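Read the structure below first, then the notes.
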Amino acid sequence: QVQLVESGGGSVQAGGSLRLSCAAFGYTYMNNFVGWFRQTPGKEREGFAAIQVGGSRTYYADSVNGRFTISQDNAKNTVYLQMNSLNSEDTAMYYCAASPWTVDGDNWYESRKYNYWGQGTQVTVSS
């Protein structure tokens, strides 16, 4: 059974940092895309970062580019999201997702392309 488990969310003041983790169980990330999404009530889920595990390509939405960094630890089968310079607009439920073959460099931000999802972790940024 495939499980993606996010951790690292919490509350932080504006300007602060958090690091989220997404560990996979029953599934190997290698050569797959792993994406990070976030969602606030009443809004669509937003894809804002992705990585092709085992490769060097990373992808970011403009809203987080330069502040967030996605990375991988193949030995731990874990993908990380370092979030710096957080602001109130980053407050959301954060999800990681993985796909073995339906995601590529052109559609990495589309939630419908991902097969496996974590349960989410809340990030709250106070000003």
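Quick caveat: nothing in here was measured; it's all calculated off a predicted structure. Residue numbers count from 1 along this sequence.
For the side chain to side chain donor-acceptor pair (under 3.5 Å) condition, the pairs that include at least one residue of residues 67-80, sequence neighbours left out, are Arg67-Asp90.
Rounding to the nearest 0.5 angstrom, the gap separating the OG1 atom in Thr40 from the CZ atom in Arg45 is 11.0 Å. Atom-to-atom distance recorded for Met93:CE and Gln39:CD is 9.0 Å, nearest 0.5 angstrom. Atoms CG and OG1, on Leu81 and Thr121 in that order, are 11.0 Å from each other to the nearest 0.5 Å.
At least one side-chain heavy atom of Phe37 sits less than 4.5 Å from a side-chain heavy atom of Trp117. The closest side-chain heavy-atom distance from Ser63 to Glu89 is not below 4.5 Å. Residues Trp36 and Ile70 form a side-chain contact, since some pair of their non-hydrogen atoms from C-beta on lies under 4.5 Å apart. Between Arg38 and Phe48, some side-chain heavy-atom pair lies under the 4.5 Å cut-off. Side-chain contact check for Tyr116 versus Gln3: every heavy-atom pair is 4.5 Å or farther apart. In this structure, Gln82 and Phe68 have side chains that are not in contact, with every pair of non-hydrogen atoms separated by 4.5 Å or more. For the pair Glu6/Tyr94, no side-chain contact is recorded, criterion being any heavy-atom separation below 4.5 Å from C-beta on. Residues Trp108 and Tyr114 have side chains in contact (heavy-atom distance under 4.5 Å, counting atoms from C-beta outward).
By the rule that hydrophobic residues join a cluster once side-chain heavy atoms approach within less than 4.5 Å of another member, Ile51 and Tyr59 end up as members of separate clusters. In this structure, Val103 is not a member of the same hydrophobic cluster as Val53, with clusters built from ILVMFWY side-chain heavy atoms closer than 4.5 Å. Both Tyr60 and Leu86 are assigned to one and the same hydrophobic cluster, defined by single-linkage of ILVMFWY side chains at heavy-atom distances under 4.5 Å.
No side-chain N or O of Gln52 forms a donor-acceptor pair with one of Thr58 less than 3.5 Å apart. Under 3.5 Å, the side chains of Ser99 and Thr102 contain a donor-acceptor pair of N or O atoms.
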Which side-chain N or O atoms in residues 10-35 pair as donor and acceptor under 3.5 Å with protein atoms at least two apart or in another chain?
{"residue": "Ser17", "atom": "OG", "partner": "Asn84", "partner atom": "OD1", "Å": "2.9"}
{"residue": "Tyr27", "atom": "OH", "partner": "Asn32", "partner atom": "OD1", "Å": "2.5"}
{"residue": "Tyr29", "atom": "OH", "partner": "Cys22", "partner atom": "O", "Å": "3.2"}
{"residue": "Asn32", "atom": "ND2", "partner": "Met30", "partner atom": "O", "Å": "3.4"}

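What you find for Asn107 and Asp104 is that their closest heavy atoms are OD1-N, 2.8 Å.
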